[in-house]
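For reference, the structure discussed in these notes is given below.
Residue indices begin at 1 and follow the sequence shown.
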Amino acid sequence: MFYIGVDLGTSAVKLLLMDEKGCVRKVVSKEYPLYFPRPGWSEQRPEDWFLQTMEGLKELVADCDRSQVEGISFGGQMHGLVILDEKDEVIRPAILWNDGRTGEETDYLNQVIGKERLSEYTGNIAFAGFTAPKLLWVKKHEPEHFAAIRKIMLPKDYLAYRLSGVHCTDVSDASGMLLFDVKNRRWSQEMCEICGVRTEQLAKVYESWEPVGTLLPEIARSLDLPESVRVIAGAGDNAAAAVGTGTVGDGKCNISLGTSGTIFISCGHFCVDAHNALHAFAHADGSWHLMGCMLSAASCNKWWMDDILKTSDYAKEQADIGALGENRVFFLPYLMGERSPHNNPNARGTFIGMTMDTARADMTQAVLEGVAFALRDSFEVAKSLGLKIEKTRICGGGAKSPLWRTIMANVLGIPVERIESEEGPGLGGAILAAVGCGAFESVEDAAEKLVRTAGCEEPDAALTAKYEARYQQFRQIYPTCRELFDRLVF
């Protein structure tokens, strides 16, 4: 049998065909435009997502026995606002996760409604990228659009609706809306009242592996697939990627070194840290997870290499790095502000500690170490809740660097495992489809059987001790600079 995973990203949709043994048979990618109507705004047309997904699906299954395709599921960009009218037509372009227009609405939720109440209702506080502030923005600035809303959806769920005809979402993606009672896995009536929406305007919530329906007859005909193909709810991109890396079950951890960086920790019980420094979301395996998200991770290294050093030979630059754990230069990796754990859009990238003998390699090393130290900040918050994290898996473009993996293992003091597949949310979506079609008993069972590791970096006790001392110095820099960041005009 075959299972399809659809990874709806910000720049492209990536579609993956997996067999019942977990082997990836084919991957197809289709791009679509990103629109910036004003500085700081970010939008896309949901119709573009659908059209490119359909084209990608046709290409994906062109050479396989289409009668063997059993299910399709999703991983997708989170937090985006898609609103439909009474005819189920899109009212306005989708406002995306990286859109920055909701500063006033975010401040209103955090300061007037209050972080304590938000955390009580949802397990989280407001961030500019979340969906609830976007709704408040539409309510204030586009009241005619707000009045026309019949359904409020998330990006990947719009695709599921177009394929199945069902208005649906899943617990992991719904967790990032600030409209969802994460602890009890249901919509928050209190948050709906605050935002002026009714629960019937929200989609039905499913667990990530649950079928929501089957392909609509016209969709099945267009794709030359059986109408019996099940459409499975799927998950937000980070939860889907966690499934794709086997980060399911209590105390499992995954680090993603992509453009942004995340540390994702699965938990068998719901928990929230005192300052809401980490997101507390429902997980795709039926449990919960904590997630720290830093806005610039591998993008810091790309900026340093491409824009500053003007080189594309990343490996050569890293080859010149000498003794680890002894660098006197530090780098704060806040090139776009920071989310976890500081939640400060005014934070900025900063080098500190240079002297006349500082070399180019020292600066490069500081960038790699700065990202690792910043991820450890979120790691420490999770540990403060009593979570025991014995090892982590790692994925993303930055994870291809052996040096960066070594630094990460020794900064965190735990083994860092690589996985065979780098397909992340797409593979996670395909695994969820397999579970939803009954091929496996549970998400944890499927991940254990299908996800394979390709190697491991073990921490060295002496080097870990050196990095411990460096980290204790690093963690003093941001608090010292925080007031200065807030006073500077950028």
Spatial distance of atom [atom1] ([X]) from atom [atom2] ([Y]) [nearest 0.5 Å]:
{"X": "Leu278", "Y": "Asn343", "atom1": "CG", "atom2": "CG", "answer": "11.5 Å"}
{"X": "Ser42", "Y": "Leu34", "atom1": "OG", "atom2": "CG", "answer": "4.0 Å"}
{"X": "Lys30", "Y": "Thr53", "atom1": "NZ", "atom2": "OG1", "answer": "11.0 Å"}
{"X": "Asn254", "Y": "Ser266", "atom1": "CG", "atom2": "OG", "answer": "9.5 Å"}
{"X": "Phe379", "Y": "Leu290", "atom1": "CZ", "atom2": "CG", "answer": "12.5 Å"}
{"X": "Tyr35", "Y": "Leu96", "atom1": "OH", "atom2": "CG", "answer": "11.5 Å"}

Hey, is [X] close enough to [Y] for a salt bridge, meaning N to O under 4.0 Å?
{"X": "Glu417", "Y": "Arg405", "answer": "no"}
{"X": "Asp445", "Y": "Lys449", "answer": "yes"}
{"X": "Lys156", "Y": "Asp170", "answer": "yes"}
{"X": "Asp19", "Y": "Lys21", "answer": "no"}
{"X": "Glu468", "Y": "Arg376", "answer": "yes"}
{"X": "Lys134", "Y": "Glu105", "answer": "no"}
{"X": "Lys466", "Y": "Glu326", "answer": "yes"}
{"X": "Glu190", "Y": "Arg117", "answer": "no"}

Would you indicate whether the side-chain heavy atoms of [Y] and [X] approach each other to under 4.5 Å?
{"X": "Ile125", "Y": "Leu109", "value": "no"}
{"X": "Ser188", "Y": "Phe180", "value": "no"}
{"X": "Ser340", "Y": "Ser378", "value": "yes"}
{"X": "Val27", "Y": "Lys14", "value": "yes"}
{"X": "Trp304", "Y": "Leu309", "value": "yes"}
{"X": "Val205", "Y": "Arg185", "value": "no"}
{"X": "His279", "Y": "Arg339", "value": "yes"}

Can you tell me if [X] uses its side chain to pair, donor with acceptor, with the backbone of [Y] under 3.5 Å?
{"X": "Tyr32", "Y": "Ala12", "result": "yes"}
{"X": "Asp460", "Y": "Asn410", "result": "no"}
{"X": "Glu317", "Y": "Asp313", "result": "no"}
{"X": "Thr245", "Y": "Ala242", "result": "yes"}
{"X": "Asn110", "Y": "Lys115", "result": "no"}
{"X": "Ser172", "Y": "Ala282", "result": "no"}
{"X": "Thr453", "Y": "Gly455", "result": "no"}
{"X": "Arg186", "Y": "Lys183", "result": "no"}
{"X": "Ser384", "Y": "Val381", "result": "yes"}
{"X": "Gln44", "Y": "Pro33", "result": "yes"}

Using 30° and 60° as the class limits, which term best fits the ring planes of [X] and [Y]: parallel, tilted or perpendicular?
{"X": "Phe330", "Y": "Phe474", "value": "tilted"}
{"X": "Phe351", "Y": "Phe331", "value": "tilted"}
{"X": "Tyr467", "Y": "Phe373", "value": "perpendicular"}

How about [atom1] on [X], more than 12 heavy atoms from neighbouring residues, nucleotides or ligands closer than 6.0 Å, or not?
{"X": "Arg452", "atom1": "CZ", "result": "yes"}
{"X": "Glu448", "atom1": "CD", "result": "no"}
{"X": "Glu458", "atom1": "CD", "result": "yes"}
{"X": "Lys302", "atom1": "NZ", "result": "no"}
{"X": "Met336", "atom1": "CE", "result": "no"}
{"X": "Glu390", "atom1": "CD", "result": "no"}

Going by the ring pair (Phe, Tyr, Trp, His ring centres under 6.0 Å) test, name the single residue among Phe130, Trp41, Tyr108 that passes it with Trp137.
->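 Option passing the ring pair (Phe, Tyr, Trp, His ring centres under 6.0 Å) with Trp137: Trp41.
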Donor + acceptor pair across side chains of [X], [Y] (<3.5 Å):
{"X": "Ser421", "Y": "Glu423", "answer": "no"}
{"X": "Thr10", "Y": "Trp97", "answer": "yes"}
{"X": "Glu369", "Y": "Gln365", "answer": "yes"}

Just do the ring-ring contact (aromatic ring centres under 6.0 Å, His included) check on His342 and Tyr334 with the steps written out, would you?
-> CA-CA 10 Å; His342 305 307; Tyr334 311 139; 5.6 Å; yes
Tyr3/Ile72 under side-chain contact (heavy atoms from CB on, under 4.5 Å): CA gap, chis, key distance, verdict | CA-CA 6 Å; Tyr3 306 95; Ile72 180 171; over 6 Å; no
Passing option when Tyr478 is tested against Thr350, Asn344, Asp377 for side chain to side chain donor-acceptor pair (under 3.5 Å) =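 Checked Thr350, Asn344, Asp377 against Tyr478; only one passes side chain to side chain donor-acceptor pair (under 3.5 Å): Asn344.
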